[in-house]
Structures are given as C-alpha cells and as structure tokens.
Amino acid sequence: MISNWLSAALARRNIHYGWAMVAVTFLTALIAAGTVGAPGVFIVPLQKEFGWTTAEISSALSIRFILFGLMAPFAAALMNRYGLRNVTLAAQLVVVSGLVASLAMTEVWHLMLLWGVVIGIGTGMTALVLGATIAARWFVARRGLVVGILTASVATGQLVFLPLLASLTDAYGWRLALTLVCVLLGVSAFAVLMIMRDRPSDVGLRPFGDEGTEPLPAPPPNNTPIMAAALGTLRDASKSGVFWILFATFFICGASTNGLVQVHLIPMCLDFGIPQVQAASLLAAMGIFDFVGTIASGWLSDRYDNRWLLFWYYGLRGLSLLFLPFSDFTLYGLSLFAMFYGLDWIATVPPTVRLTTQRFGAERANLVFGWIFAGHQLGAGVAAFGAGLSRTMLQTYLPAFFVAGALCVVAALIVLAISRAPAKTVPA
C-alpha cells in the first residue's frame, strides 16, 4: 500500500510519518477552506441572478455555520469510533453531493437546504477537530506548532482560492467556479484514501516526540454510541468554568471572523465601490498574514502562557475591527487593516487547543474542543445573519463591525479569568 511505502521512504530520511499526516490534512483543510469561503464570492452573483436579498442568502450561510459547529463534537466521536480516514472521506462525499446539486438550484429554499444543511453537516464532519485529533494522536512534541500549521491552511485556502474563484465568477459565472471546487475536493479525497491513517501504531510507529521503549497499549475499545460519547463529554466538561470561558471566547472568535469578515467583507467593499476581485484579493492578503501569524501562534503556544496570548490576540483583533469603519476604505487604510487583522485571524486556535488539552486530557481533547468549536460556529452563524440583516434593514454593514470589535475586547478580558494552574482533568 502507498502508506507503507511512504512510511518506509520517510523513515530512510529520518522523517516521522506524522508529518505526512500533517501534509494530507493541510491539503484537505485548504480545499475545505475554499469551499467554506466561496459563498462570500457568490453573494452578489446570486442576488443578480435570482433576486434573493442579502438577508435570505445570509440565513442559508448562518445555518451552515451553526451546523458546521454543532457537528464538531459528534465528528470527534465519529473519528474515535470509525477512524479518521473513513470519516474524512464520508465528509468530502457529502460536501461534493451538496455542491453538485446546488448547480441546479432555483429557489431560496434550495440554497438553505444545500448550502445550509448539507454542506454545513459535511464540512462539520471534519472542521478544526480533525487537526486537533491529528495533533493529539500523532504528536507528543510540537503539538502547538502542528495545530498552527493545520489551522493556517484556512488562510492558505483563502489565499489560493478566493481571488481565483472571484475571477472565474466574473468571467464565466458562479457555476463554473463551484465546479472547480468539486474537482479539487475529489483530488483531496484521493490523497486522504491513499495516505491518511488512524494512529501511529497503524504504520508501526510511536507518536512524534515519544521516546519511550515500552510497547504502546492498544487503543481502548470504542463501542460507546456516538450521541452518548458527545453528550457525555459535554455533561462532564460543562462542570468546569474553564470550558465556559473557552466556549464564550470562541463564540466571539467565530462572530468576528468566519461569520462576519469571511462572508460580508467582499459585499461591503462593493458598497464602497471596490470591485469584487480586488476585495477578494484583500481577503487573500489577510490570508498571507494569517498564515504567518497562525504558525507563529502555534510556536508561541508551545512556549508561553496561552492565556496571555489569547488576551493579545482578541484585543488586537477588536481594535482592528473598530478601526475599519474609519479607514475610509482607501488602499492604505484597507492594507493596514488586512495586516493587523490578518495576523491574528485564527491565531486564537493553537492556544485554545493547548488549553483544552491541558485542562481536559489528550484522550478527550478532541471531544471537548468539538463543543468549544461549536461555540465558535454559533457565533459565526449569529454574525452572518446579523450582518446581513444590518445590510438589509440599515443599508450598511458598519454596526456589525463595531459590535464585533467591542466583543473581542470583552473576550480579551474574560480569558484572563482562567487560572494559571491546570485544573483537574475531566474524568474519562
């Protein structure tokens, strides 16, 4: 099999197979980021073709964000039960099915069903939980860096795909751009099938950084029903104040990134006379800075107090969002915003995953983080709908950006309420 050949080839070069897992997961997340970010490019074309309002389109995207998040803890339970590769392949099949069917949609309820429900469930079956699981299972050392790299794939997905999708949409229509996304998902699925494995023991290895000599214990049997595993973890984790602080701050994280900027920045720029391709390029520029910032965040989270990292990340993000309405949407103002906002777009993820692993244990980290990530996407859903409603009712997106900036300042303050000493691990 390709995985065995690749494992042997990497071993000859003294490279751990875990880094191959990082590479294939990076590719998967990169293309998924293009799928999740694409609707921001399609809002205006859909309005022109079907006459749908911004609020109607935003409602579908809000449903997708919420399901994307609510699936996360169940995705973690599915991965623990059925394996990383099987769940990832199933997720990609669901997403491609939804995208292909949406090529023929004509009614707004089609949009809500396909882009809201189907794609929300499909993308939620992996989400950030896949990267957190890879880091926890395959790495003892460099966990923060691995989470940073895999999280940065979201930024890279924007960098690579959004300007391309915007150009294709302008030249040939949104359907051709969506077809390209489907083809790329097929390429990603083939790579997952050939390379992805569940645990290091599947290729005869220990996790990276594990210098032990005793035989690794067999993975514990996992016959717990999916609902029971996910809801049981929520019951246990919800007894901890740390869980609720991380949940609340990640809610604000989602409300100030995916649900707001990723969905509405392009149409807001159009309101100020900035062409769609140029606005997509602005998101791509943020992707460049975020790629650097998120990997650096992973490196920092292995070395410094993660609470204070989150304080600075949320505080600086809040200030950048509050600054945007005063940028006058000039080249200089938008470039300044793209740099400061981009550097910590999703830099919050590595410290949040590290805190989750420290406080709740490596074995249940992916399940607990799944619920925390659900908070992220609930925030994204609220912001996606709220900003669209603001545009429809008030003819401007600016109030949504002011509210998001203020919430980020609140998040910066409440994260310091987490105690320095690790709390007792949630019982398995």
Side-chain angles (χ1 to χ4, degrees), residues 31-71 91-125 127 157-158 161-162 165-166 168-170 172-185 254-255 257-271 276 279-280 283 377-393 397 400:
I31 295 173
T35 305
V36 172
V41 175
F42 300 148
I43 287 178
V44 174
L46 290 174
Q47 288 175 325
K48 291 180 178 178
E49 180 170 342
F50 299 110
W52 300 334
T53 67
T54 304
E56 287 174 328
I57 298 172
S58 297
S59 296
L61 302 185
S62 180
I63 293 169
R64 186 198 65 187
F65 279 128
I66 291 171
L67 287 176
F68 182 68
L70 291 179
M71 275 299 297
Q92 291 170 321
L93 177 61
V94 171
V95 172
V96 169
S97 299
L99 291 178
V100 170
S102 71
L103 294 173
M105 64 184 177
T106 56
E107 303 290 339
V108 73
W109 71 264
H110 297 164
L111 179 76
M112 292 184 180
L113 174 64
L114 296 171
W115 284 17
V117 177
V118 176
I119 295 176
I121 291 173
T123 53
M125 287 173 67
Q158 290 177 180
F161 293 119
L162 286 188
L165 293 176
L168 287 174
T169 301
D170 275 358
Y172 304 105
W174 62 272
R175 289 181 177 82
L176 181 64
L178 205 59
T179 301
L180 174 63
V181 174
C182 293
V183 172
L184 292 172
L185 282 167
T257 54
N258 299 55
L260 182 65
V261 172
Q262 189 176 63
V263 172
H264 293 291
L265 182 64
I266 291 176
M268 184 174 74
C269 286
L270 289 173
D271 287 347
Q276 176 159 289
L283 276 176
Q377 294 308 113
L378 286 171
V382 170
F385 176 75
L389 186 64
S390 173
R391 175 63 179 81
T392 299
M393 301 295 292
Y397 284 109

A.B. asks: Is the backbone N or O of M105 less than 3.5 Å from a side-chain atom of S102, with the two atoms forming a donor-acceptor pair by type?
C.D. replies: no
A.B. asks: Minimum heavy-atom separation for I57 and L46, please, with both atom names.
C.D. replies: CD1-CB, 4.0 Å
A.B. asks: Working to the nearest 0.5 Å, report the span between CG of L111 and OG1 of T106.
C.D. replies: 11.0 Å
A.B. asks: Scan L99, L67, V96 and name whichever one has a side chain to side chain contact (heavy atoms under 4.5 Å, CB included) with I119.
C.D. replies: L99
A.B. asks: Indicate yes or no: at least one non-hydrogen side-chain atom of I121 is less than 4.5 angstrom from one of V117.
C.D. replies: yes
A.B. asks: Between F42 and W115, what is the ring plane arrangement, given parallel below 30°, perpendicular above 60°, and tilted in between?
C.D. replies: tilted
A.B. asks: Compare every heavy atom of L260 with every heavy atom of A400, then report the nearest pair and how far apart it is.
C.D. replies: CB-CD1, 3.9 Å
A.B. asks: Please list, one pair per line, the donor and acceptor atoms closer than 3.5 Å that link side chains of residues 379-392 to other protein atoms, with sequence neighbours excluded.
C.D. replies:
from	atom 1	to	atom 2	distance (Å)
S390	OG	T396	O	2.7
R391	NE	D271	OD2	2.8
R391	NH1	Q395	OE1	3.1
R391	NH2	D271	OD1	3.2
T392	OG1	A55	N	3.3
T392	OG1	G388	O	3.1

A.B. asks: Atom OG1 in T179, atom CH2 in W174: separation rounded to 0.5 Å?
C.D. replies: 9.0 Å
A.B. asks: I need the minimum non-hydrogen distance between V118 and G98, along with the two atoms involved.
C.D. replies: CG1-CA, 3.7 Å
A.B. asks: T123 and V95: which non-hydrogen atoms are nearest, and at how many Å?
C.D. replies: N-CG2, 3.6 Å
A.B. asks: Return each pair, listed once, that meets salt bridge (charged side-chain N to carboxylate O under 4.0 Å, His left out) where at least one residue sits in residues 174-184; pairs must be two or more places apart or across chains.
C.D. replies: E49-R175
A.B. asks: Rounded to the nearest 0.5 Å, what separates atom CG in L114 from atom CG in L103?
C.D. replies: 9.5 Å
A.B. asks: Can you tell me how far CG of L270 sits from NE2 of H264, rounded to the nearest 0.5 angstrom?
C.D. replies: 13.0 Å
